[in-house]
Every structure is written in structure tokens, then in C-alpha cells.
Amino acid sequence: MTSATEVELEDLLRRALHATGTGARWAVEADDMWCRVAPVPATRREQGWKLHVSATAASAPEVLTKALDVLLREKSGFKFARSLERVGALNSRATPRGNAGKFITVYPRSDAEAAALARDLHAATTGLAGPRILSDQPYAPHSLVHYRYGAFVGRRRLSDDGLLVWFIEDPDGNPVEDKRTGRYAPPPWAVCPFPASVPVAPQDGEATSRPVVLGGRFAVREAIRQTNKGGVYRGSDTRTGAGVVIKEARPHVEGDASGGDVRDWLRAEARTLEKLKGTGLAPEAVALFEHAGHLFLAQDEVPGVTLRTWVAEHFRDVGAERYRADALAQVARLVDLVAAAHARGLVLRDFTPGNVMVRPDGGLCLIDLELAVLEDEDALPTRVGTPGFSAPERLADAPVRPTADYYSLGATACFVLAGKVPNLLPEEPVGRPAEERLAAWLAACTGPLRLPDAVVDMILGLMRDDPAERWDPSRAREALRRTDHPAARPGSAETTAVRRPGSSAVAGPVPDGRTADEVVAGLVDHLVDSMTPADDRLWPVSTLTGESDPCTVQQGAAGVLAVLTRYFEVTGDPRLPGLLSTAGRWIADRTDLRSPRPGLHFGGRGTAWALYDAGRAIDDRRLVEHALDLALAPPQRTPHHDVTHGTAGSGLAALHLWRHTGDARFADLAVDAADRLTAAARREPSGVGWPVPAEADSPEDGKRYLGFAHGAAGIGFFLLAASDLSRQPDHRATALEVGEGLVADAVRIGEAAQWPAQSGDLPTAPYWCHGSAGIGTFLVRLWQATGDDRFGDLARGSAHAVAERASRAPLSQCHGLAGNGDFLLDLADATGDPVHRDMAGELAGLILAEGTRRQGHVVFPNEYGEVSTSWSDGSAGILAFLLRTLHGGPRHWTVEQRG
């Protein structure tokens, strides 16, 4: 029989069509992921019960062959993953639980046909291997055939949160989100046509009559995490009462052509724990057992938190000075931990901050040793690892060597000391060595971190590109002994701040010796060349956190348009008038003037702002008129009050357009928005706020955020600006109430001022969205308006929080250095103190050090390691901040302070 690795799945379809003589009855087309097969003529319902058939990389050819024997006799359309590589991706441990395992999808023409096809497909594939599909219900015990009710065609709409979601319709024609999660959850009106041969598992939040006991012994208390690979649970051993952690491995996940899967990894971990018994390096194994066909490993529960959590919590709780000393001590323990593991013949293969526990006494313990290898056993072949922490050769499945752990030790030490490992995207064509780029980034961290020379040398030595040149733990330990009293690294020509007239100091190294202006030009080149007017999105963006309207500020074309407009105004780049016109008209053709969504970042008002500024810059009257029509169109009714989605954001856009047009209609809109926000304010002992109302149909229901993007600080910012126009005392008074509440909620740690996302919570990261950078943006304005030094002092404390966290931050506007840097420039403009401009320059240096050259362009990674052009997490937001550091000017999406 032909081996699975030699089979092309599309060839199997072609052979089957030829053998059955049915080729004329079917239309076949393929894309990168799927091969789609539709009857001629095509007849597909918009929604209904659909079938999924799972398979492994080893079983997929036979599963497809047997399924085609059934499907080609009927007239229901279907699709299948077009290659064994795609099958492997569907079964990866990293695949979202709602998508995993769906090798074949069938779109039955009727419920009766769905039931018949399920029966026949089950009979045809019985006994073959494939994973359980978590979003569906199995047709029968151990069946590869599964079913769920959902959309057959790609219909999407914007949710109240401004994200595009798949939807189906209820019997009355109302849209209902077609949620694709790791749970089977059919809509209540859908009558199931399949036999009830498998009990439906309880859904999240549903009560069960008894606690879950696995293997007749281990009572589950809670899920620590759930992935496609299986869950990790916290529970207790009913025999001893001791706490345990239970790891689950689902059959056929991460399966290979030989039939191996994640269960083999769990067995390997059990063997490793058994051999480390009594050493204290790892938890004690309690039992390896099967339950309902899944493999489980129970092990002693290690008290404490993961090192990743320790870094976040410890810095939050103790501040920068204390953290610096504690982090160095923690790195020394990490060096000892790896050395001790290697002394026992253990190569870890996945040493990361998430796989180290910090006990309450400060001691360290290894966890999640499923990829670890002992010297007396063969290693399971795998390219699985943790990007940023796994050595490059490890991700290519190189032979097992301790030198790969040296790299991971260096990356983990870097994470502890700096808060992250920089995401240095590959250059195209290949440029500077990775170790040289890492050195440049560490040099840019000099100001915020004040790392000793020996520590920087240690990180670079452990993370050498050449495995043979990497430092071992003993040499790393020697370097740490020279750092009893950490001191700042001396400045050098490479890291000295460079002054430009009328701009901030841009500190830090610039990739390939280019100036910051050249990096900005490379960014603009990327945006110019990546525009695709023929596509559904004008510029490429990341959609890992959801996909929004392609025209908006947050993740769409309006954010990029606004920044390129500013660049044209500053430089006069002759390429841009035509591009701005094309982009503006692309957006205008896709915006609904009848009932736009409210809000600045997710709504039509921000889009109108961008179109107006672009049209005015290039003297395009059509764009200007469309922008004004869009801004004046009656918006959809909104339950949101905030800047990004709601009334405050719409009001800011109206203020901007009133100031530039003098049109009284925009003044009326701004005042009306302020009136509605003042009336909607809710006063509680914790302060004034605007809770997300229940009618928002959002997981944020009832939350009272403090930050700029979604909460009181952004609303206060608008109300303060609107009071300059309205002269209504209640608008200004409500803004002052917001300020008083933020004073009460501030958490001071050293010189830094931080805030929780909601009153009473622990402090959150100091970003624009929820934290210090956004709240400080409002407090600067409030201090200017009132002269109350409490607000000014907290704004300066916000700047300290931003600076202390700089090396830990992503690069973006919403959650990162670009948004934080814009706040520092606001503070510099308000106070005239050059220290804040210099701090912004340090942040710009950190951004520049993560830039990557690709085909003559400059790109930057977002939080997920992807290249995105959007305002919120990509190049547009980064470009906006860098332009401002070089050329000054107002901040995007704000209005000038009026006296």
C-alpha cells in the first residue's frame, strides 16, 4: 500500500472522480488550505446541520478515499484539507479548539440527508484513526464523524464590540453569532436529526450532579488551561488528600505519519519524572492512567507561581529598584537549575518562563517536561518549541544537545531581567546575525534597565548563533558573581541621544546604521507598497484577536490613511497624493452613510475624521464632502459610552471637525454627546463611572473601566475638551469627578503611578488602553486646565511607570511603546521639561531596535510576532509616534487644549 507521506490528497479526488465517472457532476477548486467540491449546479443552504470528519496525517488518505465513496454518490457539497501538511496543522496542539480536527466538512442539502450521510460516513470510516472534534458532537462512540449546527456560507456582521463575527439566523430572521468554540452548543431552536448515541457533555457553567473524578481516584477542582492537546487540571488525590496537577493528552493530536502523538510526549514526561524522583528538580509523578480513551498524568502540585507570572507580579508589587536586585538573584537560581538538570543527564528542550515554578520560598522547580530527554533514551523527533526561547536549531529538530538549553537559559534570563525577549523577525534577504541584532536591542535597553556589563555579556554569550560558541552555566555563573552591585552600563557613541531641531531625542541604536528618518522612510515604503485596492482589505492586518470593519481606525484603512496623511503634510512625498486619493475613495465606497457605527476607533466617526484630513491635505473635495456626510449621518444607537466604541469617541470626532470647519452642526453633536455622557454617569463610593450596560451584548457587561480606551479617563478627556465649547459647568464638573476618582484609585510604587483596570483590582500594565499612559494623557490635560498639582504629580508618576516598563512593552499604540511614547511627548509639551522628551526618545530607540528590513522595507512585529499595518497593533501606530519624535506636531485622535 502507498505510504501516507507519498500521497497527494487532491490526486485521490481526481482518481475517484475518474473511477466513478462523476467528474461532470462536480466543480472543484482549491486554495492554500482547502479543496472544495460543489455539485453542478450548486445548491447549498445558508445554514443547517453540517458534518465534520476527522483524520490523522497517517489515516487521512484512507479516510478521504472511503469518504469519497459515500460523498460522490450524493449531491451535497464538501471540502477537505488539501495536503497532509494541512491535516497536521489542523491537529496541532496550537490549533484553536473550535477549529481543530476538521479534515472534511460536508454541507448536507437537508436534515434528512445529513442524518443519512452521517450514518454512511460513520460506517465507511469505522476503525480508522482521528481526533475528537471538540466543537461538535460525535455521531457515535469513537466515531470520526461529528456534527454541529452552523453557517454554510460566509455571512458576517459587526458585533456590538465592533468585531466581525460569523452569524446564523433564528427562526424569526434575527442574526445570532455562530460561535466556534471548544464546546458543542447547538442553538435552542435547532432540532437534532441524529440518533442520541453519545451523551452530550455539560457546557461551561452548567451544574453537574457530582464532581469529576478521573481514573477513579483524582477529583478535579478546576481547569488551569484548555488547549487542543488537552487540559491541565488542579485537583486532589482521593486516596491521600494531597493536591495534584493532572495533565491530559488527547488521542491523535500532533500526530505524525508513523502514528505517534502527544500521548507519547506525556509517557516520556512520566518516565522523566520517575527518574528525577527525590531530586527536588521536578514534581513527583503520582500516576499515569487512561480515562475515556485519553491519557492522563497526575503529579504532585508544586506550590507557587510560574516564573512568567512571578516576573509580572513581582515587578508590579515591588517597583523597579527592588526588582532589579531580585531579578539578578532569580537569574542565578536559573543558572543553577539548568546546571543541576544537566548534571543528571537531562536535556530540557523547552526551558521557558512558563515551564519553571517559583516556590513560596523562592526555590525553583521544573515543570512540563514532556519534551525533556534523558541521556539513556531516544528523543521523540519534534520541531515543537517556544519561539523566542527555543534555540533556532531546536525548531529545525536538530540532534539533542545541551547547547540548545544554554540558548533557552539566556533567553529566559533576558526575560527575567528585561521583561521580554525581543521578537527579531527574520530579515529578507538575510541581513545581520541574530546575535548582533539582540546586542543592539540590549544596548537600547540600557537606559531603562541599567544592566551591568557582565550580565549583558552573559545573555549574549548564552544566546550565540553558533551552538559551539555558547556559554555554559558555569561561565554564566562566573559572570553573575561580578554583579554584586549592579551599575549602569556606560554610554557609547552607539547609544547616545541624537538631538534634532524641534524634536525629541531619539536614543538607541538604529538597525544597519540607518538614521531614524531612514527607518521611517522604510516604514512608509512598506505601507505604500503593501496597499491592495483590489482586495477586501486595503492593507494587511493581524486578525488573531478578531477582525473589525476594514475601513475603521483601529484595524482598518482609516488608521493607515491618517498617518500617511500626516507624513505627506510633513514631507511632501510626491507619491502620496495619488495614494491618499485612492485609499480615501476605497474607504468612501465602503462606508455606510445611512447608519454608521458610533465611536472613534471602531466606528464611522473616526473614519470620517481620517477622510476629512486626507481630503483637505490633497485638496480632494469629493473626499471632504463624503467625510462630512459620514460625520453628520445619524449613527446607530449605541450602549457604549467610551472613546473606542461609543459616545465619547463620536464626540471627539465632532469637536475636531467643528474646529476645522466652523460648522455649527458639529458643535451641536459634540455638546449633545457631552450631555448624554453627563446624564449617563453613575456615581458610587468608588467614584464616577460609566459601566458597560447589559444591552451591549458583550463579555464586558457591567464593568467600570478606568482607562482611556474603554473607560472613565477617555470620557473625562472628551468632557473636559467639550466644556471649552459648551461652557456648561456640569461637563467640566463631571470631568473633575473623573480626575478625583483617578486620584483615589492611583497606586504609588516608588515614583511610579499605576492604576487597576477597574477600581479595586490590582494595577495593570501602563499602556494607553487601560493603564498609566492613557490615564496620564487625561491627567495632563486636567492639570493644565485646573492647575491642581495632584493631577500633574500623578501624570509625572505615570511617566515613571511607562519608563520603568519600557523594555517589557510591545511596540504598538494600544498596548505598547508607541502609545506610551505619545503620552510622554504630551507631557513634554505640557511641562516644557526635556526629561520627558528624552524618555520618549528612549522608547523610540527600543522600537527602532526591533525593526526588520524586508525587501527594502522596514517592518515591525506586533504582540503576536506578526507583521501588521494597523493603527492599534501595527506599523501605522508606530509610524505616528516616530514621526512625532522627529517632527513634532499634535497627537493623532485628540483635540488641542483650549484656554
Side-chain angles (χ1 to χ4, degrees), residues 1-46 48-91 99 101-131 133 136 139-140 143-147 152-154 252 255-259:
M1 182 176 176
T2 303
S3 70
T5 56
E6 297 171 348
V7 170
E8 291 293 335
L9 298 180
E10 289 180 83
D11 284 345
L12 295 178
L13 172 65
R14 284 189 282 270
R15 293 176 204 164
L17 290 171
H18 177 74
T20 58
T22 58
R25 290 174 43 198
W26 300 95
V28 180
E29 61 180 39
D31 57 24
D32 184 59
M33 181 70 195
W34 302 106
C35 182
R36 293 180 170 84
V37 186
V40 179
T43 55
R44 184 189 291 185
R45 296 185 294 169
E46 291 189 335
W49 291 98
K50 56 185 176 181
L51 308 178
H52 291 113
V53 184
S54 69
T56 68
S59 70
E62 189 172 1
V63 170
L64 180 60
T65 298
K66 291 182 177 295
L68 290 173
D69 287 343
V70 174
L71 295 172
L72 294 180
R73 297 196 306 261
E74 306 298 335
K75 295 182 179 180
S76 293
F78 60 95
K79 68 179 182 181
F80 59 89
R82 64 178 301 187
S83 70
L84 297 179
E85 181 183 1
R86 300 296 184 269
V87 176
L90 286 170
N91 294 341
N99 300 332
K102 299 174 181 178
F103 169 45
I104 302 173
T105 303
V106 185
Y107 305 97
R109 294 179 301 162
S110 66
D111 287 0
E113 187 158 324
L117 282 171
R119 179 195 63 220
D120 294 347
L121 287 168
H122 169 68
T125 58
T126 294
L128 299 178
I133 297 174
D136 292 27
Y139 178 77
S143 179
L144 302 190
V145 181
H146 301 71
Y147 56 83
F152 283 16
V153 296
H252 311 304
D256 57 33
S258 67

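FYI, side chains are in, hydrogens and waters are out, and symmetry mates aren't considered; it's all heavy atoms of this structure.
- Proximity of a side-chain donor or acceptor of R82 to a complementary backbone N or O of D31 within less than 3.5 Å is detected.
- Applying the salt bridge (Lys or Arg N to Asp or Glu O under 4.0 Å) rule to R119 yields no partners; only residues at least two apart in sequence or on another chain are considered.
- Distance alone, capped at 3.5 Å, is enough to place a donor-acceptor pair between the S110 side chain and the E113 backbone.
- With hydrogens and angles ignored, the 3.5 Å screen pairs a side-chain donor or acceptor of H146 with a backbone N or O of I133.
- With sequence neighbours left out, D120 forms a salt bridge (Lys or Arg N to Asp or Glu O under 4.0 Å) with no residue at all.
- Put simply, the side chain of R45 reaches to within 4.5 Å of the side chain of D111, judged on heavy atoms.
- Not counting sequence neighbours, E74 has no partner by the salt bridge (Lys or Arg N to Asp or Glu O under 4.0 Å) test.
- Side-chain atoms of L17 and V37, non-hydrogen and from C-beta on, never get closer than 4.5 Å to each other.
- Using a 4.5 Å heavy-atom cutoff, the side chains of F78 and L68 are in contact.
- With sequence neighbours left out, E46 forms a side-chain hydrogen bond (donor to acceptor under 3.5 Å, both in side chains) with R155.
- Partners of S83 according to the side-chain hydrogen bond (donor to acceptor under 3.5 Å, both in side chains) rule, which considers only residues two or more places apart in sequence or in another chain, do not exist here.
- Checking S143 against H122 by side-chain atom types alone, a donor-acceptor pair falls below 3.5 Å.
- Residues passing the side-chain hydrogen bond (donor to acceptor under 3.5 Å, both in side chains) test with T20, sequence neighbours excluded: T22.
- Here the side chain of S54 pairs a donor or acceptor atom with the backbone of P131 at under 3.5 angstrom.
- Distance alone, capped at 3.5 Å, is enough to place a donor-acceptor pair between the N91 side chain and the A55 backbone.
- Taking the side chain as every heavy atom from C-beta outward, S76 and L117 approach each other to under 4.5 Å.
- L71 has its side chain out of reach of F80: every pair of non-hydrogen atoms, C-beta onward, lies at least 4.5 Å apart.
- In this structure, the side chain of T56 does not engage the main chain of H252 through any donor-acceptor pair within 3.5 Å.
- Side-chain atoms of R25 never come within 3.5 Å of backbone atoms of K75 as a donor-acceptor pair (strictly under, hydrogens ignored).
- Put simply, the side chain of L13 does not reach to within 4.5 Å of the side chain of W26, judged on heavy atoms.
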